[in-house]
Participant: 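Take a look at the following structure, please.
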Amino acid sequence: MRRPGKIRPWAVALWLLVWQIAAMALDQQILLVSPLRVLRRLGEMLLTSELYAAVGFSLLRIGAGFLLAVLLGAGLAALSARFSRIEELLAPAMLTIQSVPVASFIILALVWFSSRSLSVLISFLMVLPVLYASTLGGIRAVDGQLLEMARVFRLPHLRRARCVYLPQVLPYFRSACQSALGLCWKAGVAAEVIGMPTGSLGERLQQAKVYLNTPDLFAWTLVIVLLSLAFQKLFLFALDRAARALERV
Amino acid sequence: MRTVPDIVIRGLCKRYGEKAVLRNFDAVLPQGALTCLMAPSGAGKTTLLRLLLGLEKPDGGEIAGLDGLRLAAVFQEDRLIESLSAQDNVRLVNLRVSKDAVRAAFAAVRLADCAGQPVCELSGGMRRRVAIVRALLAEWDVLFLDEPFKGLDGETKAAVLDFVRRSLRGRTALLVTHDRAEAEALGAAQFLALP
């Protein structure tokens, strides 16, 4: 069966060709650089330590923000499912985080903290409400008949969590992580572009813009996209492996 | 095995909104014996079972003799964990039961080749048998069976009845069924009816 939205190599090749032709027709490297030029620039960058340092800087911070939000979001969702007062208490906070523009958070965070940890906070704030809402929805959707079965057979709490809750909440949690991963990279890098912490990917993008260095801008963007995809794949792979190991009786 | 007293039900009442499902129901489930509950659909059999299992609170009356006892049940629905294998569904409720014991039980109910298969791949009748084996291999003092043989065909049903009969010997259980022959095959000591 054909999966909707699946990326086909021929479609990617066609779009790259369109890009190459458009760049050649425009012949203005500042406005639109060709994909071949971007690849060449990326190849050059791969030989420098600057790229790896910037990747390490941003990956560490955005990844930390994401992981913190995953842990706290899931933990708070579990507490909210158990205690309605906690859900009531958190509802306005989650709504505020979701409604306030990310730019406002970035500016506020720059006033409060150093720009070096900015992307931790911003990626954390972007991910937290998504993870919290989805995990809570998943817990609420757990089959009541299975919970009754667990109660009658007096399943210990840990086994109940692993074997009854986990398989049913995991699809919600996983899909929230999938959406949040893209979101945290976009917001995290945007925060770095505004805050310009030294040595970050966002700073590189900002410098490319200041010097009208379009090949660099595209190459750094490509690095961010690849990094975000790799992080997403790795995280989801580890999550699936961990879930399978945990579910085993 | 623990000493199980008679389970005494006195004046049990339960209503849902305006509808009274149980009205002053009295019964004794004698210890070490199988009691069979027969009544037409909608008479409150499942409600009584839910009250006995502690899944609902009665509006009146009391149930004596169940405190501290370990219960097990075959529900009307299979209530299996879809992502787990048949064997893991059984061991989920009792980690002390050995894999060999599970395999022997599966063989007795003609599920010998299905132990490692995820239950989501099993047919309705196979899932029913997994639910029965799960309840019987759990650590229990009192067992409740709510129409456990529904959907099982002739020969398989005979094998399952035989397995259940051997597992129930001398233990306290309540069977809800529409089929008197099932209760007799299991050696029911008494028959109850709901008004």
Side-chain angles (χ1 to χ4, degrees), chain A residues 1 3 70 74 77-78 81-84 134-178 235-249, chain B residues 46-47 49-57 66-99 102 115-116 118-120 127 130-146 174:
Chain A
M1 204 170 68
R3 267 198 299 153
V70 165
R82 178 74 184 80
F83 306 105
S84 60
S134 285
T135 311
L136 184 56
I139 297 173
R140 291 265 155 79
V142 168
D143 186 347
Q145 291 192 340
L146 288 182
L147 293 177
E148 283 183 354
M149 179 278 292
R151 201 170 132 193
V152 167
F153 286 104
R154 297 188 185 182
L155 288 199
H157 289 299
L158 193 62
R159 210 180 308 158
R160 198 177 296 201
R162 274 173 40 207
C163 300
V164 180
Y165 279 98
L166 184 70
Q168 294 184 76
V169 177
L170 191 68
Y172 291 82
F173 180 76
R174 192 184 190 281
S175 112
C177 286
Q178 204 163 7
F235 180 82
L236 294 178
F237 175 76
L239 182 68
D240 292 341
R241 288 291 294 266
R244 269 202 297 275
L246 274 173
E247 275 177 42
R248 231 167 268 148
V249 175
Chain B
T46 299
T47 302
L49 234 60
R50 291 179 63 78
L51 292 168
L52 286 163
L53 287 167
L55 297 174
E56 297 203 30
K57 295 232 177 300
L66 275 178
D67 287 345
L69 295 184
R70 296 162 305 177
L71 311 182
V74 178
F75 299 92
Q76 249 184 41
E77 315 78 18
D78 302 320
R79 305 197 185 192
L80 300 169
I81 309 284
E82 298 292 325
S83 54
L84 296 182
S85 68
Q87 177 174 263
D88 281 350
N89 263 284
V90 173
R91 296 194 70 238
L92 174 74
V93 299
N94 183 7
L95 283 181
R96 283 187 214 163
V97 70
S98 70
K99 289 186 179 176
V102 178
V119 291
C120 57
R127 294 164 61 93
V130 175
I132 291 170
V133 170
R134 175 181 65 185
L136 288 166
L137 292 195
E139 293 182 308
W140 56 271
D141 303 308
V142 184
L143 176 71
F144 298 94
L145 303 136
D146 194 357
L174 175 67

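Per chain, numbering begins at 1; letters A, B, ... match sequence-line order.
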Participant: Say you draw a straight line from CG of A/Leu155 to CD1 of B/Ile81; how long is it, rounded to the nearest 0.5 Å?
Facilitator: 7.5 Å
Participant: Evaluate side chain to side chain contact (heavy atoms under 4.5 Å, CB included) for B/Phe75 paired with A/Met149, printing each intermediate quantity in order.
Facilitator: CA-CA 8 Å; B/Phe75 299 92; A/Met149 179 278 292; 4.0 Å; yes
Participant: Counting only non-hydrogen atoms closer than 4.5 Å, does B/Ala138 touch chain A with its backbone (N, CA, C, O), its side chain (CB onward), both, or neither?
Facilitator: side chain
Participant: To the nearest 0.5 Å, what is the distance between CG (B/Leu92) and SG (A/Cys163)?
Facilitator: 5.0 Å
Participant: Should A/Arg154 and B/Leu71 count as side-chain neighbours, where that means a heavy-atom distance under 4.5 Å?
Facilitator: no
Participant: Considering only NZ, NE, NH1 and NH2 on the basic side and carboxylate oxygens on the acidic side, decide whether A/Glu148 and B/Arg79 come within less than 4.0 Å.
Facilitator: yes
Participant: How close do A/Phe153 and B/Ala72 get, heavy atom to heavy atom, and via which atoms?
Facilitator: CE2-CB, 3.6 Å
Participant: Return the minimal non-hydrogen interatomic distance between A/Val152 and B/Leu53, and the atom names on each side.
Facilitator: CG1-CD2, 3.8 Å
